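Residue numbers begin at 1 in each chain, while the letters A, B, ... track the order of the sequences. No experiment lies behind these values; they were computed from the predicted model shown.
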Amino acid sequence: MKGPKLETLPLPGMQDLLPADTHAWQFLERAFWDHASLYGYREIRTPILERIEIIDRTSGETSDIVTKEMFDFVDKGERTVVMRPELTAPAMRAVVEYNLCPPSTLLRLAYGGPFFRYGAIQKGRFRQAHQFGIELIGGVGPEADAEVIEFTVRFYEKLGLNNLVVLLNSIGRAECRAKYETVILDHLAPWLKDQETEVQDRARRNPLRILDWKEESIQPLLQTMPPLTDYLEDASKARLDSIRQFLGEVGVAYRLDPSLVRGLDYYTETVFEIQSRHLGAQGSLCGGGRYDNLLAELGGLPTPSVGVGIGIERALIALEAEGFAPLAPRPDVFVISAGKDARDTVRLLTSDLRRAGVRALSDVDGKSLRSQMRQADGSGATFALILGSDELTSGQYQVRALREQETFTVPAGEVVEWISARR
RNA sequence: ACGAUUGUAGCUCAGUGGUUAGAGCGCCUGUCUGUGGCACAGGAGGCCGUGGGUUCAAUUCCCAUCAGUCGUCCCA
């Protein structure tokens, strides 16, 4: 029943995480959840599939993510569904549905999981990627923005990531942004006239994103354009100033970047991003900001909120560049049978050791003593416990300390405790 | 989407228009009747990414395709 050879590679942009990789992931996951609990953030888990409207309405119909990077399809119930391209909107959908954040309350949510974007693939960019995130929902004050930013910076500090740059900006509230967008278009009108219609469309669809454009010919114009800061409402300016003050007070370094905008349309006022010098083109490790209108967009009560998404793959790439190499857990003992007589005892003793909380391995194939010693060595076990007919009759077991190359004799009845104490 | 580059052993990579395609590392067995790393010897393991074309002959040359990597765009 052998057909043509199956393609066993994962789909483009998808990754298998092998045992050699998952240890670093587990390390990162533990670090994140420890950190989240320190700040009082509690986990929420939502489905990977979402109704497409949830994403359309929130991410912005003009964003790249919605227009060309959606993993969407029609399910058997003829619903158009999408593999979530980010985690904030789904979490907020749940907040609305279960009214998790009634008026005048504060809600701290954390999450971690996969998201999907059908985009180009390169270093640090996948079609299935993973992120952690937190959302501080119902927080109006600039303290909320500062808390989320500091949370993120401290998380990276704990991981041992240095060489980070925190970029900070305010893109204002909707009214102010609308005003500024006409300023942008006016300023660029002479230049835009000579561009292809595709470029003109792109500009009109979302003028703010022009700040981000990398085209050479537009750079001089961007230089002379009045900054968005000039058009911010007083309240937005005051918020930005307070955030800067709060970050300064706790020693979080940042850089104001007036050209920082985000790819998702739901942000208001505060936006920030943290970059690593290690990643080059994909320098952004995480991105976040304030989204005061998102809950209302989803049909909930207007609820000011701020959050961040932290890319797991990118954190790992940055960690690796810093020389981070997590140690795989090693067995405490490898139990070896010298000759067939001891196999039963080996099996039972291994079971006893494990039940006592000792990481114990043994051979399952009746291999030679030498082979078992090699397995023990290769496993990185601290001890090799050797059982043969001599040991069975004398009741004195031999325990070999593989690193120290010393052999101890331990009475059979005490061997579990002996190893347990020394592992 | 576009551009560059690469697909040969489990891994890293040589190599050739012509019989059985190689190395290092790793793996297995033995030298060593009950003690690992070191050394030595032996061994297993390849539709040379896939499909087509040129040719007496293709892993090698050509085309296509799929996939990886890197970059542009954008982002986590």
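- Across the protein-nucleic acid pair, A:Tyr111 atom OH and B:rA76 atom P stand 10 Å apart, rounded to whole Å.
- Of the listed nucleotides (B:rG30, B:rA76, B:rG71), B:rG30 has the atom at the smallest distance from the side chain of A:Ser368.
- In this structure, A:Leu28 atom CG and B:rA76 atom C1' are separated by 13 Å, rounded to whole Å.
- Applying the Watson-Crick and G-U wobble criteria (two distances, each under 3.5 Å), B:rG30 pairs with B:rC40.
- Phosphate contact (OP1/OP2 of B:rU29, side-chain N/O of A:Ser371, threshold under 4.0 Å): present.
- Of the C1' atoms belonging to B:rC11 and B:rG53, the separation is 34 Å, rounded to the nearest Å.
- Rounded to the nearest Å, the gap between the P atom of B:rU60 and that of B:rA1 is 27 Å.
- Pairing for B:rC47 is absent, judged as Watson-Crick or G-U wobble with the two contacts each under 3.5 Å.
- Atom CD of A:Gln26 sits in a crowded spot, with more than 12 heavy atoms from other residues, nucleotides or ligands closer than 6.0 Å.
- Mapping A:Gly388 and A:Phe115 onto RNA chain B by nearest heavy atom places A:Gly388 at the nucleotide closer to the 5' end.
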(message) Please evaluate residues A:Asp377 and A:Arg374 with respect to the criterion salt bridge (Lys or Arg N to Asp or Glu O under 4.0 Å), reporting the C-alpha separation (whole Å), side-chain torsions for both, the decisive distance (0.1 Å), and the verdict.
(response) CA-CA 5 Å; A:Asp377 189 48; A:Arg374 281 184 179 159; over 6 Å; no
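- Using C1' as the reference atom, B:rG37 and B:rC32 are 15 Å apart when rounded to the nearest Å.
- Going from the P atom of B:rC48 to that of B:rC61 covers 16 Å, rounded to whole Å.
- Following rounding to the nearest Å, A:Met14 (CE) and B:rC66 (C1') show an atom-to-atom distance of 17 Å.
- Rounded to a whole Å, the NZ atom of A:Lys367 is 5 Å from the P atom of B:rU29.
- Heavy atoms of A:Ala376 sit nowhere under 4.0 angstrom from any nucleic acid atom.
- Of the listed nucleotides (B:rU29, B:rG34, B:rA76), B:rG34 has the atom at the smallest distance from the side chain of A:Ala338.
- As the counterpart of B:rU20, no nucleotide is assigned, since no Watson-Crick or G-U wobble pattern has both distances under 3.5 Å.
- For the C1' atoms, the distance linking B:rC38 with B:rA44 amounts to 23 Å, nearest Å.
- Comparing the P positions of B:rG71 and B:rU16 gives a spacing of 31 Å, expressed to the nearest Å.
- One atom, CD1 of A:Ile336, and another, P of B:rU35, lie 11 Å apart when rounded to the nearest Å.
- Of the nucleotides present, none pairs with B:rA57 by Watson-Crick or G-U wobble criteria with both distances under 3.5 Å.
- Within 4.0 Å of A:Glu391, counting heavy atoms only, lies at least one base atom of the nucleic acid.
- In this structure, A:Asp363 places its CG atom 16 Å from P of B:rC27, rounding to the nearest Å.
- At a threshold of 4.0 angstrom between heavy atoms, the contacts of A:Gly133 with the nucleic acid are absent.
- A distance of about 37 Å separates the C1' atoms of B:rG17 and B:rC28, rounded to the whole Å.
- As a whole-Å value, the separation of A:Leu260 CG from B:rA76 P is 10 Å.
- Side-chain polar atoms of A:Thr270 and A:Asp145 form a donor-acceptor pair below 3.5 angstrom.
- Using modelled atom types and a 3.5 Å distance limit, the side chains of A:Glu391 and A:Gln398 yield a donor-acceptor pair.
- If you check every strand for non-hydrogen atoms under 4.0 Å, A:Gly119 touches nothing.
- When each of B:rA76, B:rA1, B:rU35 is scored by its nearest atom to the side-chain atoms of A:Ala120, the top-ranked nucleotide is B:rA1.
- The ring pair (Phe, Tyr, Trp, His ring centres under 6.0 Å) check on A:Tyr254 picks up nothing, with sequence neighbours excluded.
- Other residues, nucleotides and ligands contribute over 12 non-hydrogen atoms within 6.0 Å of the NZ atom of A:Lys158.
- For B:rU69, the paired nucleotide is B:rA4, the pair qualifying as Watson-Crick or G-U wobble because both relevant distances are below 3.5 Å.
- A salt bridge links A:Arg239 with A:Glu269: at least one charged nitrogen is closer than 4.0 Å to a carboxylate oxygen.
- In this model, the phosphate group of B:rC70 is not approached by any side-chain N or O of A:Gln122 to a distance below 4.0 Å at OP1 or OP2.
- The nearest whole Å value for the distance from the CG atom in A:Leu18 to the P atom in B:rC11 is 11 Å.
- On the P atoms, B:rU19 is 22 Å away from B:rG24, given to the nearest whole Å.
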Every protein N/O lying under 3.5 Å from an N/O of nucleotides 37-43 of chain B:
residue: B:rG37; atom: O4'; partner: A:Asp377; partner atom: OD2; Å: 3.3
residue: B:rG37; atom: O6; partner: A:Gln405; partner atom: OE1; Å: 2.4
residue: B:rG37; atom: O6; partner: A:Gln405; partner atom: NE2; Å: 3.2
residue: B:rG37; atom: N1; partner: A:Gln405; partner atom: NE2; Å: 3.3

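- Relative to the side chain of A:Gln398, the nucleotides B:rU69, B:rU35, B:rC73 differ in distance, and B:rU35 lies closest.
- For A:Thr152 (side chain) and A:Val148 (main-chain N/O), a donor-acceptor pair under 3.5 Å exists by modelled atom type.
- By the 6.0 Å and 45° rule, A:Arg127 stacks over the aromatic ring of A:Tyr118.
- For an aromatic pair to be called close, the ring centres must be under 6.0 Å apart, and A:Phe115 with A:His130 fails this.
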